[in-house]
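Below: the structure, in structure tokens.
Whatever order the structure lists ligands and atoms in, that order sets their numbers, starting from 1. From a predicted model like this one, the values you see are computed outputs, not experimental measurements. For this chain, numbers begin at 1 and follow the sequence in order.
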Amino acid sequence: MNVIQTRLPGVVIIEPRVFGDHRGFFLESFSAERYKQDAGIELDFVQDNHSRSVKGVLRGLHFQKNHPQGKLVSVSRGAVLDVAVDINPESATFGEHVAVELSDDNHRQLYIPPGYAHGFCVLSDTVDFSYKCTDYYYPEDEAGLAWNCPEVGIEWPVETPALSEKDQHYPGLSELVNQLKGTS
Ligand SMILES: Cc1cn([C@H]2C[C@H](O)[C@@H](COP(=O)(O)OP(=O)(O)O[C@H]3O[C@@H](C)C(=O)[C@@H](O)[C@H]3O)O2)c(=O)[nH]c1=O
């Protein structure tokens, strides 16, 4: 497999080896030893998730405050623009993001270590989105960053995405940092 470093520490693009033949293709979507050695993923995964969304849906930008999750994300059908944002004020890349197209055509995966905000926007008619998480889901611990925060400046492929109710009300980066510090 091929591993591509991004500008954000620990965030890597993984291109699995794809074995194509007259039947279709085969790939290993995860293998603990190899992903540890080649992609630096030391943490164990404890939960697998799958969501389906239609074109124009945007989910994000999400993280958990006290139980941060590392996520190995991929698309089994369709295409998304997947985004990770550095929300750690102590980080040299605070406020920066990476945006990567993941599709059933390029077979790319993105590993996002614990501590980043994550989201994606659907580019295809339908998408099946799968991800492995290094911690469990704690509904009371859920938090988010506004998908359209101007301080982050993500160039999303749609102007008016379809959002969940809660994704319409998350704060921008400065407000989020103040909230996490407990100062507002
Ligand atoms: C994320 C999650 C949701 N749920 C439930 C809660 C809710 O009733 C329903 C839909 O939840 P949400 O609207 O939060 O789903 P969604 O907006 O798809 O949330 C996900 O977005 C992407 C971008 C991520 O990075 C994930 O970590 C996760 O936050 O599913 C679980 O039971 N377990 C889970 O792990």
Ring centre gap for Phe45 and Phe30 strictly below 6.0 Å: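 Yes, the ring of Phe45 comes within the 6.0 Å limit of the ring of Phe30, centre to centre.
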Can you list every ring pair (Phe, Tyr, Trp, His ring centres under 6.0 Å) pair that touches residues 88-109, not counting sequence neighbours?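 Output for this query lists Phe25-His107.
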Filter the ligand 1-protein atom pairs down to N or O on both sides and distance under 3.5 Å, then list them.
{"from": "ligand 1", "atom 1": "14 (O)", "to": "Glu142", "atom 2": "OE2", "distance (Å)": "3.4"}
{"from": "ligand 1", "atom 1": "14 (O)", "to": "Lys166", "atom 2": "NZ", "distance (Å)": "2.6"}
{"from": "ligand 1", "atom 1": "18 (O)", "to": "Arg59", "atom 2": "NH1", "distance (Å)": "2.8"}
{"from": "ligand 1", "atom 1": "19 (O)", "to": "His62", "atom 2": "ND1", "distance (Å)": "3.4"}
{"from": "ligand 1", "atom 1": "21 (O)", "to": "His62", "atom 2": "ND1", "distance (Å)": "2.9"}
{"from": "ligand 1", "atom 1": "25 (O)", "to": "Lys71", "atom 2": "NZ", "distance (Å)": "2.9"}
{"from": "ligand 1", "atom 1": "25 (O)", "to": "His118", "atom 2": "ND1", "distance (Å)": "2.6"}
{"from": "ligand 1", "atom 1": "27 (O)", "to": "Lys71", "atom 2": "NZ", "distance (Å)": "2.8"}
{"from": "ligand 1", "atom 1": "29 (O)", "to": "His62", "atom 2": "ND1", "distance (Å)": "2.7"}
{"from": "ligand 1", "atom 1": "35 (O)", "to": "Gln47", "atom 2": "NE2", "distance (Å)": "3.0"}

Is atom OH of Tyr136 surrounded by more than 12 heavy atoms (other residues, nucleotides or ligands) closer than 6.0 Å?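 Counting other residues, nucleotides and ligands, OH of Tyr136 stays at 12 neighbours or fewer.
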Would you check, one step at a time, whether the test salt bridge (charged side-chain N to carboxylate O under 4.0 Å, His left out) holds for Arg52 with Asp128? CA-CA 5 Å; Arg52 179 169 297 163; Asp128 278 301; 2.8 Å; yes
Between Gln109 and Tyr35, do the side chains contain an N or O donor and an N or O acceptor separated by less than 3.5 Å?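 There is such a pair (donor and acceptor under 3.5 Å, judged by atom type) between the side chains of Gln109 and Tyr35.
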Please confirm whether the backbone N or O of Glu101 pairs with a side-chain atom of Asn106, one donor and one acceptor, at under 3.5 Å?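 Checked: pair present.
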